[in-house]
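Each remark here refers to the structure printed beneath this line.
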Amino acid sequence: MQGQAQQQAYDRGITIFSPDGRLYQVEYAREAVKRGTASIGVRTPEGVVLAADKRSRSPLMEPTSVEKIHKADDHIGIASAGHVADARQLIDFARRQSQVNRLRYGEPIGIETLTKEVTDHIQQYTQVGGARPFGVALLIGGVENGTPRLYETDPSGTPYEWKAVSIGADRGDHQEHLEENFRDDLTLDEGIELALEAIASTSDEGTAPDGVDVGTVSAESERFVELSNDEIESYLEANDLLATEDDEQTEE
Amino acid sequence: MQGQAQQQAYDRGITIFSPDGRLYQVEYAREAVKRGTASIGVRTPEGVVLAADKRSRSPLMEPTSVEKIHKADDHIGIASAGHVADARQLIDFARRQSQVNRLRYGEPIGIETLTKEVTDHIQQYTQVGGARPFGVALLIGGVENGTPRLYETDPSGTPYEWKAVSIGADRGDHQEHLEENFRDDLTLDEGIELALEAIASTSDEGTAPDGVDVGTVSAESERFVELSNDEIESYLEANDLLATEDDEQTEE
Amino acid sequence: MQGQAQQQAYDRGITIFSPDGRLYQVEYAREAVKRGTASIGVRTPEGVVLAADKRSRSPLMEPTSVEKIHKADDHIGIASAGHVADARQLIDFARRQSQVNRLRYGEPIGIETLTKEVTDHIQQYTQVGGARPFGVALLIGGVENGTPRLYETDPSGTPYEWKAVSIGADRGDHQEHLEENFRDDLTLDEGIELALEAIASTSDEGTAPDGVDVGTVSAESERFVELSNDEIESYLEANDLLATEDDEQTEE
Amino acid sequence: MQGQAQQQAYDRGITIFSPDGRLYQVEYAREAVKRGTASIGVRTPEGVVLAADKRSRSPLMEPTSVEKIHKADDHIGIASAGHVADARQLIDFARRQSQVNRLRYGEPIGIETLTKEVTDHIQQYTQVGGARPFGVALLIGGVENGTPRLYETDPSGTPYEWKAVSIGADRGDHQEHLEENFRDDLTLDEGIELALEAIASTSDEGTAPDGVDVGTVSAESERFVELSNDEIESYLEANDLLATEDDEQTEE
Amino acid sequence: MQGQAQQQAYDRGITIFSPDGRLYQVEYAREAVKRGTASIGVRTPEGVVLAADKRSRSPLMEPTSVEKIHKADDHIGIASAGHVADARQLIDFARRQSQVNRLRYGEPIGIETLTKEVTDHIQQYTQVGGARPFGVALLIGGVENGTPRLYETDPSGTPYEWKAVSIGADRGDHQEHLEENFRDDLTLDEGIELALEAIASTSDEGTAPDGVDVGTVSAESERFVELSNDEIESYLEANDLLATEDDEQTEE
Amino acid sequence: MQGQAQQQAYDRGITIFSPDGRLYQVEYAREAVKRGTASIGVRTPEGVVLAADKRSRSPLMEPTSVEKIHKADDHIGIASAGHVADARQLIDFARRQSQVNRLRYGEPIGIETLTKEVTDHIQQYTQVGGARPFGVALLIGGVENGTPRLYETDPSGTPYEWKAVSIGADRGDHQEHLEENFRDDLTLDEGIELALEAIASTSDEGTAPDGVDVGTVSAESERFVELSNDEIESYLEANDLLATEDDEQTEE
Amino acid sequence: MQGQAQQQAYDRGITIFSPDGRLYQVEYAREAVKRGTASIGVRTPEGVVLAADKRSRSPLMEPTSVEKIHKADDHIGIASAGHVADARQLIDFARRQSQVNRLRYGEPIGIETLTKEVTDHIQQYTQVGGARPFGVALLIGGVENGTPRLYETDPSGTPYEWKAVSIGADRGDHQEHLEENFRDDLTLDEGIELALEAIASTSDEGTAPDGVDVGTVSAESERFVELSNDEIESYLEANDLLATEDDEQTEE
């Protein structure tokens, strides 16, 4: 690799390669993802779990206003990490694609199909000039013909399919936690617990019920549902993850 | 973080990320917000309060010409802080969206819906080249089906929902004042008083009636109304916040 | 604030913010305004006065060709300071908007309405790339339903309403003169005298009748009229402001 | 003012202001005007005179090919100084505007009207990106309802009305000559003589008949006519301005 | 050749040549290809083999989600190396061209025809401004009228036809292995073995069945088929290439 | 004038003026003209002569392929000097304009009219961004109502009319030769001889018949004709200008 | 001429001239031509010969995939040297122009006509911004009304007609060989031999039959045909040019 002065020569133009074949703007957009609080996805035979760390900036902010888990279609949820306003653009895009699919083909869009439409859209912002890449990663989880699927999109526009995955801050630690504790035969409940444990694993003070969002799509219902604060509290309590006081932290 | 020379290498192009994943132009636009006098929003069960510090540049300037609180629709008011001309663009945009909603669906636009249409519009100016971001933050307050709602938009295009919030100069001090004094069961009158106190908390000389604007949307009426100078004077007097002389200050 | 080398890094691109949230190109356009000779507006209960210093560059130049006061509509006059060619563009824009209003609504355009259409137009040139801001400030004065109104537009696209105001060279001194001498109950004649005195206050040699333009819109007539040289001479003479000789100065 | 290194930072982009509010590209375009040989206009009660110094680059060049005086319409002539190819563009523009006026309103275009259409066109090239300003100044002279009018356009797009004026090389000396010798009651013949004297005042060797062009619009005829070489020779001889030999000089 | 400072002067603009006639951006895009894991193509009289090294980044990632071999049409497969999101764009382009051909001419597209439509598309991104080149190479393999064909596309947009070829990481070693072991009379089975051996030749730990993708188009069927994990395992086992443990490596 | 470093600051952008009012790109385009071999035009009462030095780069190159004299219309010929490919563009433009004139007005285009349409086209490339100026000068010669006319266009877009003129390499020497030997009463034959002598004046080895092109438009025929090699040889021989051997030189 | 630092100041923008009137980007594109293997054209009374050196990069690459000679129309062949992907663009352009000509006029396009349509297309890429020049030279050979014609196009867009010519690597040596051995009365067979000898003249190891492509258009048939490997081998053998072993070399 080259020194820093060298790197600077190639990282300020979105549409150019560096001499070693890298797209620095895309790599910097990945840093924007790391600046956001984590989202975690877990796929179990019984369904897909999406969980998001949404610690609030202020006690007066409505916890619900930090939206990190979104319904894309009846059978699909999306969790994000990174630049919030960018996430909204992509989620709106995903919703429109889902609706178009229903109108055109009279059936729900496939999880992989939707993921690839989103990543193709992201890729355009890394190749054509006049705009910057999206500074956000998404977890797209859903159930398709009874089979749970879990995908990740990154700022380069590459789609990945996962059994369990973390995006955003502390990805390294979270992913390690998932690798150590994931089992192919998790129940949906165990999937929720695993996701919450992973988030809690990088926090000393435990987690407040309104400091996380959890959404699931069960294989049976094929419906995206968000857990209520009470339900989340039960899971946290049962797993000894509940914060002892309202010690919330500031996300930049 | 990097040194200053480093920073300069990444902060002059709107559509690029810095190596640590930041969008400097958006952060600088946030500085433009801080250069403007404060606006404050308070949400009570009885309605939403918007208040704005509008200290004039000169005794010959008409106080009413410093417009910081605007009616967006019958049931929605908007307060701004930052670049005045930019604020006018966004408020015009919000008004058009409100009218379109009435025409299309025959009903008033939702507060969250309007907020997100505005933030999506703002986001475009942070990703696509050829323009700079908006140097303004907005407070969008209104009542929707009897429920008061209060949102903030920032220059990145992120929407936040608040119980009480301050934007513009002295945000830190104002927000601290709000956090210490906000109660979930405030009356609308107490909400007005809290907002005026917060503004006054950073001024040594008290506040003149024409140095602030106050607007409310009560849960009952679902109508945005601006307080008259006399009404404001009553509130200031009752709370010992009235300026003893016409000692107005210059905003840049 | 930063040093000069720092400033230069952020002042050459129209669509970018500096780290402290300023738009340097807009601030430089304000300097262009200061390079132009002054225009002054005074609002009295009897009507609005616009006066402009139009000292000529050469004895062979027709004084009337230095146009600083323009009729925008029957009931509205506009005075300018700064880049002359830019002023013409905005005044043409204002005239077109006035005509459109008459055609569409069958009535004269409001003074505030017109001002805001002009400032919204100006704002676009400060946010969207491919053009520079307008290097001119305007005073828009008129009578609306019997009420005199006086507005200022600046290069950022911000509208201000004034009782009395000066734009262009020596704004500081002129404004001070206005603040010291303005009264809310001035007659229109006294308004004219105040404006002429303010202009004369920064000139040692007095003022020649063809070195100023004066226009008024009286509350009674609601008609914009320009004073003749003889009328101006009477005012100057009566107030001891008449230049003793034709000692004209060069404007850049 | 700033030093040279400072100036260079602001003079290479057409659409930007310098910190002291100047548009350097427009000022440099004014230098292009000074690089061209002079044109002079004189307004008398009997009509308008346009005269142009058109010293040729070579004895084999047709003197008539150095066109500096043009007919814009039956009643309007235009003289130019500066970048020749740019002048042609503006004169074509002026001719089209004149024809459009005749077609639309069935009457000859006013001199001031035409001038302002030309200056508005010029202004666009100083504000909108993607092109440079016009490097040429024009004198637009004509008779309107029996009244002679004489206007100047400069590269900023500002219109000026003059009694007598010089553009191009040696403007300072020529203008001084005009100021010393102009009288409001000149006959048209005396106007021609004054213009020729002014041109000759900066030449040591006198003027050759084919080294100048002279055009007039008399108040009586309201028709633009160019003087023949013989007529010019008579004027030169009568005023002792005739070059003793064909000592022509090279214009860059 | 020139030194490094020299090179930097010519490598940051996509549409320019360096003094020695090179297009550096295209050469850097070739580096992006080398950063991807290898894909290998082998043409035998019995059909074409495409094989891809797809070592996963994490044990929780679905191996199937690293897609490096794609079906372009019934009779054509495409393997890629390099920037994954770019590859998807080109493969989508290839699929659309294949469909268009069937619609227009009622017959499957020729392998060479398709290759050249893809390379012409790639070339545009190396000559016209506003976008960067594609950072990906493709192997396009298929059967046309019973004849197996194997093509490569590179980031410059040049098409090459091969008997056996490797793209991506370790191209040098892989190609050497192919040159030493390729025979014109290979069976399709031997082709698959050669491809797998080539990939294994640069790995110390052997290859896991889900660490490679293999697709073939046999001359007889003219149908693209992908091998199952079991089939791949059989080939690996038979050739002593099977990894002894799940020792997967991270691709950047 | 300024030093070299200064000059470089202003010569790389086509659409900008230097501080002394020059357009460097246009001046550099004039250098491109000087890099081309010479073309010469001579106007006599009997017709116009165009002659071009077209020394070939190689003995195997067809002399006719170095086209420097072109027929624009029946009555108009054009000779060029400078960038060959640019010349072709302008000549195509001239031909189209000639045809359009015939279609629209049913008569041949005037020589001056055509010249000015060409120069207006050239001027656009010196003012509007996105393209460079034309690096070529043209001589446009023809007969109009029995009168021979000879014009030059230069890269700035300025038209000049000449009695005799040279463009391209050695313009200084050729023009001097023309000035010393041109007479207003030349016959067409003498005009051809003068042109050939001028070209030969800067060559030590004489001129080969296929090293020059000669075209004429006689006042009588009003038809453009090119001389055959034999005719040219006769003229060269008669004037002792014939090269003794085939000693051709290389043009860059 | 200037030093290297000087040169760099003018060679990175496609649309600008250097102070000495050169277009560096076009000159660098000529270097790209030299980086490609040679193509040679020979015109004889019996027809035109095109021959191309196409030494392969690898023994596994299909020799036919290095396409350097193409059929443009029944009666026209094109050989290229330089950037392969650029060549394909121009050849596609030439084919489309040929087809358009047949459709419009019902007859085959002229060789010169086609050449000039191609060069005009090339010129656009050297004058208008937003794209780089084509890095390729072409030889366009064909027969028109029984007459063989041979043209060259270069990256500036200049057309040349030749008796015999070489483009690409070793042009100097090849052209020298052609100049020494070309005769106006060559038979087509002798033309083929001359072309092959020229190519072999710069190779020490002789030429393999699949290391060259040869195409001809005979005056009699007016049909473009490519020689088979066997035919080429005969020519090579007969002229002692056959490589003794398969010692192929790598083209970059």
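We name chains A, B, ... by the order of the sequence lines, and we start the count at 1 in each one.
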> If you measure from OG on Ser58(G) to NZ on Lys163(E), what distance do you get to the nearest 0.5 Å?
Replying inline: 9.0 Å
> Between Pro63(G), Ala87(G), Ala29(G), which has the largest tally of heavy atom pairs under 4.5 Å with chain E?
Replying inline: Ala29(G)
>> So His83(G) and Thr158(E), do their side chains get closer than 4.5 Å, heavy atoms only?
In response: no
> Mind checking whether Glu179(E) and Pro59(G) have side chains closer than 4.5 Å, heavy atoms only?
Replying inline: yes
> Heavy-atom count around Gln124(E) CD within 6.0 Å, excluding the residue itself: above 12?
Replying inline: yes
> Any sub-3.5 Å donor-acceptor pair from Gln127(E)'s side-chain atoms to Arg132(G)'s backbone N or O?
Replying inline: yes
> Checking heavy atoms, do the side chain of Leu178(E), its backbone, both or neither come under 4.5 Å from chain G?
Replying inline: both
> Nearest heavy-atom pair of Ala32(G) and Phe17(E): which atoms, and what distance?
Replying inline: CB-CE2, 3.8 Å
> Under 3.5 Å, is there a donor-acceptor pair between the side chain of Arg35(G) and the main chain of Asp20(E)?
Replying inline: yes
>> Measuring from atom NZ of Lys116(E) to atom CG of Asp92(G), what distance do you get when rounded to the nearest 0.5 angstrom?
In response: 9.0 Å
> Tell me, do Met61(G) and Glu161(E) make a side-chain contact under 4.5 Å, heavy atoms counted?
Replying inline: no
> Less than 4.0 Å between a side-chain N and a carboxylate O, is that true for Glu62(G) and Arg43(E)?
Replying inline: yes
>> Please give me the minimum heavy-atom distance between Ala85(G) and Ser156(E), naming the atom from each residue.
In response: CB-O, 3.1 Å
> Side chain, backbone, both or neither: which part of Asp86(G) has a non-hydrogen atom closer than 4.5 Å to chain E?
Replying inline: both
> Any side-chain heavy atom of Leu60(G) sitting closer than 4.5 Å to one from Gln175(E)?
Replying inline: yes
